[in-house]
Number of protein chains: 2
Amino acid sequence: MSEPVNIKRLAQELNISIATVSKALNDSYEISLKTKNRVWTLAKQLNYTPNPAASNLRSHKTKTIAVVIPCVANNFFSLAIKGIEEIARRYDYHVLIYQTHENSEMEVNFTNSLINGRVDGILTSISSSLYNIEYYSNLVKKVPLVFFDRVYEDLDAVKVTTDDFEIAYQATEHLIECGCKRISFLYGLEHLPAGKARLAGYREALKAHQLVDEDALIVKYHESEQVNAFNIKALMKNQKPDGVLSSIEEFVLPCYDVCRDLNIHIPNDVKLVSFSNLSTARLLNPSLTTVTQPAFEIGMEAAGSLFKILHKKDQGMDQNVVLKSTLIKRESTGF
Amino acid sequence: MSEPVNIKRLAQELNISIATVSKALNDSYEISLKTKNRVWTLAKQLNYTPNPAASNLRSHKTKTIAVVIPCVANNFFSLAIKGIEEIARRYDYHVLIYQTHENSEMEVNFTNSLINGRVDGILTSISSSLYNIEYYSNLVKKVPLVFFDRVYEDLDAVKVTTDDFEIAYQATEHLIECGCKRISFLYGLEHLPAGKARLAGYREALKAHQLVDEDALIVKYHESEQVNAFNIKALMKNQKPDGVLSSIEEFVLPCYDVCRDLNIHIPNDVKLVSFSNLSTARLLNPSLTTVTQPAFEIGMEAAGSLFKILHKKDQGMDQNVVLKSTLIKRESTGF
DNA sequence: CTGTTAGCGCTTTCAG
DNA sequence: CTGAAAGCGCTAACAG
């Protein structure tokens, strides 16, 4: 049993006080370079690492941030985490991950477990299953918080989002340019600004080109895969769209399946464009054009904003950061 | 400024001692139900949550585990994290994430930052860029550690892996059954058991079917995309394989690209099978058959093992847990 | 069943 | 420049 390597041990071995060691380790201006060097040398030699719990307790700084998101196994969120981690590492911060699985209750439970000083700040992309803005408007007062992608618009907090309206408009126009006259919209995230903006962009583009804009052309996302498939089938049969804009990735698979069943060919009979963040996009079926959000950059931006707040450098910072998505047109290369 | 809500405050308001409150909160058998109820009621009313730093410091328990992996933005690892998080939540644990980006130095830095009591245990999938078993054999003595997927075989620690040899054998046999006579192997993770086992499975299958097994048919993974593309091009031109088994996902894209350039048709001229964990596998180019690891289950299994160790329930536990991968044969459905 | 007490390892006045 | 001392919030002997 070797002695534990803590600040006390260092002090004993060097015959100086604990306070001096602490200050030396923190590179305080009060300590002579000579003493600092002695401390640093021994610390390295004994492989000293400070006890985080002790320093948190005393200093109220955890060097930790939390990321609360619906799910990590998702092309968008895993890339966003990558961006967040990248920034956190630069600041020597640790990153906690929580998955809500779109469950508002879990979301609240997780978040509540974080406001007791476990973390210095939180990055979150809210669940779409319940609108509880009261909860969040309270929360932002208690802990530094940055929202990304899935946000509440009216909240007094930093929000990093993408140009959903504009890109949905562009995507719709792309379909129109491809000759589509009757374009359907597969509607997801309807309780969130992102979803609403995508719908609005679609509608606006239809309007600008004097195309039909009927509720019957819109299919809302449902938790049940069967229901989605059923609704898409009904859409295809009854409405016979010649173009489809899917506002979320989850609609793509049932879309292909239904079309195959009905002997409808994508993209000859129906042209399909979907929001998607597949990192291996080129591996996709080459007939799918996608709208891709800059997930990695969103993560970096959100984390960067949080650190600005943590370092009190957020004076006059813009609360609404909007990054640009990309419309990736894929031609069927036929391999 | 309201008084901080801590154990002391609860004690004062209830006119009992701090110790009693602490025990009541921890549901100690020493405390009467009546007192417990008083404490619990007030705690809930004041929205009390324990300060984690303080309890860590005293109890040496952090309720936190760390996951150290090459990258989160990866279909395998993001699913594994999902599984880990699932289990952690059941035990009310928090999950820290660290990405090494295949960089051994970062890997060591991260891990070192964890052995000072920041976490109760670590789950890791080691980087393949450097073989440093000495480091890890030391580490496992200092902190509860479970390896998953990317492991060092000779380590005295729990390792959760997949049946790489068997499935590579099966995948190779599948190619043989499809009529391939000259099968190439794209070799990744060569410093790790997983990579070696995949190669061995491939070789064994060739041997069993008396097919050519030449070094010239094997292409080793290189960090540079260009080099990989160049090597694959040379392989296709000079060796003219009629089947390819890719042991990692990263080879798939250059493979398609090179073949298209050379006017080689997949799967007519060359049949391709790759290890891959694309969650949206059905969206893939339908000509790609994949070997898919049970990433989510691996995460759950690894986390489960770690908690067994943390709860000292690891007596006689098997150190080598091997889960089964699946060969997913995809037919070209032609949509 | 309840309370007293002594720290966990570190930071931070304040005194020298 | 260095050190003594207090205490962050909580837990765990030990006494009663």
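Lettering of chains follows the sequences in order, A, B, ..., and the numbering in each one begins at 1.
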Shortest non-hydrogen separation from A:Tyr136 to A:Glu107 and the atoms involved: OH-OE2, 3.0 Å
Which is it for A:Met106 and B:Arg89 under the side chain to side chain contact (heavy atoms under 4.5 Å, CB included) test, yes or no, and what are the steps along the way? CA-CA 10 Å; A:Met106 284 178 60; B:Arg89 190 168 40 76; 3.1 Å; yes
Enter the inter-axis angle for the ends of the helix from C:dC1-D:dG16 to C:dG16-D:dC1 (five pairs per end, rounded to 10°). 40°
All N/O donor-acceptor pairs, side-chain side in residues 137-149 of chain B, below 3.5 Å, sequence neighbours left out:
residue: B:Ser137; atom: OG; partner: B:Ile133; partner atom: O; Å: 3.0
residue: B:Ser137; atom: OG; partner: B:Glu134; partner atom: O; Å: 3.0
residue: B:Asp149; atom: OD1; partner: B:Gln293; partner atom: NE2; Å: 2.9

List in chain and number order the residues that pass salt bridge (charged side-chain N to carboxylate O under 4.0 Å, His left out) with B:Lys36, two or more places apart in sequence or in another chain; answer none if no residue qualifies. B:Asp27
Test side chain to side chain contact (heavy atoms under 4.5 Å, CB included) applied to B:Val108 and B:Asn132, step by step: CA-CA 10 Å; B:Val108 169; B:Asn132 51 355; 3.8 Å; yes
Is A:Ser32 touching bases, backbone alone, or none of the nucleic acid, heavy atoms closer than 4.0 Å? sugar-phosphate
Let me see the working for B:Lys23 and B:Thr20 under side chain to side chain contact (heavy atoms under 4.5 Å, CB included), right down to the final yes or no. CA-CA 5 Å; B:Lys23 286 179 198 161; B:Thr20 306; 5.9 Å; no
Angle between ring planes, B:Tyr98 versus B:Phe110, binned at 30° and 60°: parallel, tilted or perpendicular? tilted
Presence of B:Ser17 side-chain N/O under 4.0 Å of C:dG3 phosphate oxygens OP1/OP2: yes
DNA chain D: first to last nucleotide in contact with chain A (atom under 4.0 angstrom from a heavy atom), 5' to 3', is D:dC1 to D:dG9
In this structure, how many angstroms lie between the P atom of C:dC8 and the NZ atom of B:Lys61, rounded? 18 Å
Distances for protein N or O near nucleotides 13-16 of chain C N or O, under 3.5 Å:
none

Got a salt bridge between A:Lys82 and A:Glu86, using NZ or NE/NH1/NH2 to carboxylate O under 4.0 Å? no
Near DNA chain C, under 4.0 Å by heavy atom, which residues of residues 35-60 of chain B? B:Thr35, B:Leu57, B:Arg58
B:Asn26 has an atom CG; how far is it from atom C1' of C:dT2, in whole Å? 16 Å
All heavy atoms of A:Lys159 vs all of A:Leu155, minimum pair found to be NZ-O, 2.5 Å
Supply the atom-to-atom distance B:Asp120 CG to B:Asn56 CG, rounded to the nearest 0.5 angstrom. 8.0 Å
A:Ile18 has an atom CD1; how far is it from atom C1' of C:dT12, in whole Å? 13 Å
Under the criterion side-chain contact (heavy atoms from CB on, under 4.5 Å), which of B:Val151, B:Leu192, B:Leu323 is the partner of B:Thr161? B:Val151
Quick one: B:Ile7 CD1 to C:dT4 C1', roughly how many Å, whole number? 15 Å
Side chain to side chain contact (heavy atoms under 4.5 Å, CB included), that's the test. Do B:Asn51 and A:Asn116 meet it? Break it down for me. CA-CA 6 Å; B:Asn51 179 315; A:Asn116 52 10; over 6 Å; no
Could you state the atom-to-atom distance from CG of A:Leu25 to C1' of C:dG9 in whole Å? 12 Å
Candidates B:Leu10, B:Leu14, B:Asn15 - the one meeting side-chain contact (heavy atoms from CB on, under 4.5 Å) with B:Arg38: B:Leu14
